[in-house]
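Comments concern the structure below.
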Protein chains: 2
Amino acid sequence: MTETSEPTPTDILPSGAEIETRRSADGSERAYNTIRKLLVEFKLKPEERINEVHLAKTLGVSRTPIREALNRLASEGFVSLTPNRGFFVRSLSTEGLLDLYELRSIIECAAFRLMCDRADDDQIDRLRGYWDAIVDGYRDHPPDVILTEDEGFHLLIAELSGNPELFNQLSAINARIRFIRRIQIEHRSHNKNQVSSHSAIVAAAIRRDVEGGVELLRQHIEMTVSATQQALKDALLKVFSPSEPTARKHRGRPRSA
Amino acid sequence: MTETSEPTPTDILPSGAEIETRRSADGSERAYNTIRKLLVEFKLKPEERINEVHLAKTLGVSRTPIREALNRLASEGFVSLTPNRGFFVRSLSTEGLLDLYELRSIIECAAFRLMCDRADDDQIDRLRGYWDAIVDGYRDHPPDVILTEDEGFHLLIAELSGNPELFNQLSAINARIRFIRRIQIEHRSHNKNQVSSHSAIVAAAIRRDVEGGVELLRQHIEMTVSATQQALKDALLKVFSPSEPTARKHRGRPRSA
DNA sequence: GAACGCAATAGTGTCGACACTTTCTTGACG
DNA sequence: CGTCAAGAAAGTGTCGACACTATTGCGTTC
């Protein structure tokens, strides 16, 4: 039994990334980005054990940069590390996601509050400008673009809060929920509401209406959450539909996160 | 000039950790803990470039586990990584710290809110019990103990919020500001206030007084911040006082954080 | 034929080596 | 004297190899 269901190297690579033979272009960084992409796109499935040698062959580098990337991803919550047993893809549980959304809501509301307090009119105008520039075609853009634009909107608020830590936190959270948001946006069930939400948030910012804006944001995110509930079911279906055998359970307690 | 001011291996090691010759005890994890300790205790100074080979020799392991540890520490904001130039100790700037405290305040207030909302009476009683058990000798404990107890108190609130992400976030933040908190506690300037603050917060939790408790927390942390301002000056003095030549500036932009 | 070991296999954790890049030193030139 | 360039030294990034651990598969025993 050399290998049966095991995918051969290259078959899980995103189309964009081909194996590089020449030595250049920072392997560790590239590995990080590629693996991250694999995780976001479910090419590596939840709970699955990550085989370093296989991954290394696939990316055409040695295990060293792979492990460095995986360690970074572990700190960021994408994978978990169990000593002597290796890395596992973070599980795809509903509760975990809701916790993450809750955290996101906390961070964003605080950011909005601070932005109203500290940003000058020019900066608020940057927010308005950002949204005005994309609002027109918004709903008709491809999912990936919508996702980027939406994240950009919220990240801009975090940036205008004047506290870079908030920006960083939100970036990290975004990365972790991107995979599900992508699916959710493909649903397109509530994208219309999203547009009006964003516009309303901008308006509140211009009015410096802290409480109103915070409430809007909270609702906006909560709405996203409920949409996510449905999307999650689809995701589970999508991920495990090719009758792939469910990854085996593992004992032991993963380290950190 | 082989080495003059360069510290020889072993002279920066915390007394607890001696070089292990035998192979066991998970080198990467141990390296992580040791380096983290060095950072917290200013044995590695802000802005300083980290020499991997030197560190490896000091810890008695090869560079591989060192690099794994440093990558983790980079994700957690302790050090930064500039490609081809290596790891640098995170800088010790006032603004950065204030941002971190602000984030901490946001997380903690949200956690308190959620705790009041979701924790049952038994859980609230755990908080009361935790504080009752340590309140007596609190002010007379050694700084490290106070720090652990204080962090434990706040972490317990985060835990009782029912959202593990909040707990994780707060843990990460705590780790990053621990070095300065330690110095600040040695000051002991406001430890008395701290005791009454904690008691008041517990009381608010028992009353399920969300707004009151949040306000107390906010003040509690703000007070800590102002104490930190002073502590920071001391820290800078302490760190750079042995007339150590200031680490040289470096060009280039560090990656991530 | 189910449970239990035991050998074989697969996979992680760490090492030392080396290529490439950055930084320091030295010495020629203005 | 200061500037610059070339070479030397130091240091990072990656590799392949190997030791040790976990897992799988097989044969034995009850």
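Side chains are part of it too, since the values below use all heavy atoms of this structure and drop only hydrogens, waters and symmetry mates. Order of the sequence lines fixes the chain letters, A, B, ..., with proteins taken first and strands second; residue numbering starts at 1 for each chain.
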Spacing between A/Lys57 atom NZ and D/dT14 atom P, to the nearest angstrom:
20 Å

Atom CZ of B/Arg67 and atom P of C/dG16: how far apart are they, to the nearest Å?
16 Å

Residue B/Val53, side-chain heavy atoms: nucleotide from D/dC15, C/dT14, D/dT12 that is nearest
D/dT12

If I compare all heavy atoms of A/Gln123 with all of A/Leu160, which pair ends up nearest, and what's the gap?
O-CD1, 3.4 Å

Out of C/dT14, D/dG13, C/dT12, which has the shortest distance to the side chain of A/Asn51?
C/dT12

Whole-Å distance, B/Asn71 CG to D/dT12 C1', equals 12 Å

Report yes if at least one side-chain N or O of B/Arg49 is closer than 4.0 Å to OP1 or OP2 of D/dG11; otherwise report no.
no

Can you check whether A/Glu68's main-chain N or O pairs, donor with acceptor, with A/Tyr32's side chain at less than 3.5 Å?
no

Hey, does the side chain of A/Arg63 reach the backbone of A/Val53 with a donor-acceptor pair shorter than 3.5 angstrom?
no

Round to a whole Å and report the spacing from CD of B/Glu52 to C1' of D/dA10.
12 Å

Counting only side-chain heavy atoms from C-beta out, which of C/dG13, D/dC15, C/dC15 sits nearest to A/Val61?
D/dC15

Let me know, please, whether B/Thr64 or B/Ile50 comes out on the 5' side of the other along DNA chain D by nearest nucleotide.
B/Ile50

From the list C/dT12, D/dT14, C/dT14, which nucleotide is the closest neighbour of the side chain of A/Ser28?
D/dT14

B/Phe88 CZ to D/dT12 C1': how many Å, rounded?
11 Å

I'd like to know if B/Glu29 and B/Arg72 make a salt bridge, using a cut-off of under 4.0 Å between side-chain N and carboxylate O.
yes

In whole angstroms, the gap separating P of C/dC20 from CG of B/Asn84 amounts to 12 Å

Find the distance A/His54:NE2 to C/dG11:P and express it as a whole number of Å.
10 Å

Spacing between A/Leu81 atom CG and C/dG11 atom P, to the nearest angstrom
17 Å

Taking all non-hydrogen atoms of both residues, which atom of A/Ala158 and which atom of A/Ala111 are closest, and how far apart?
CA-CB, 3.9 Å

Has the side chain of B/Arg63 got a donor or acceptor atom sitting under 3.5 Å from an opposite partner on the base of D/dG13?
yes

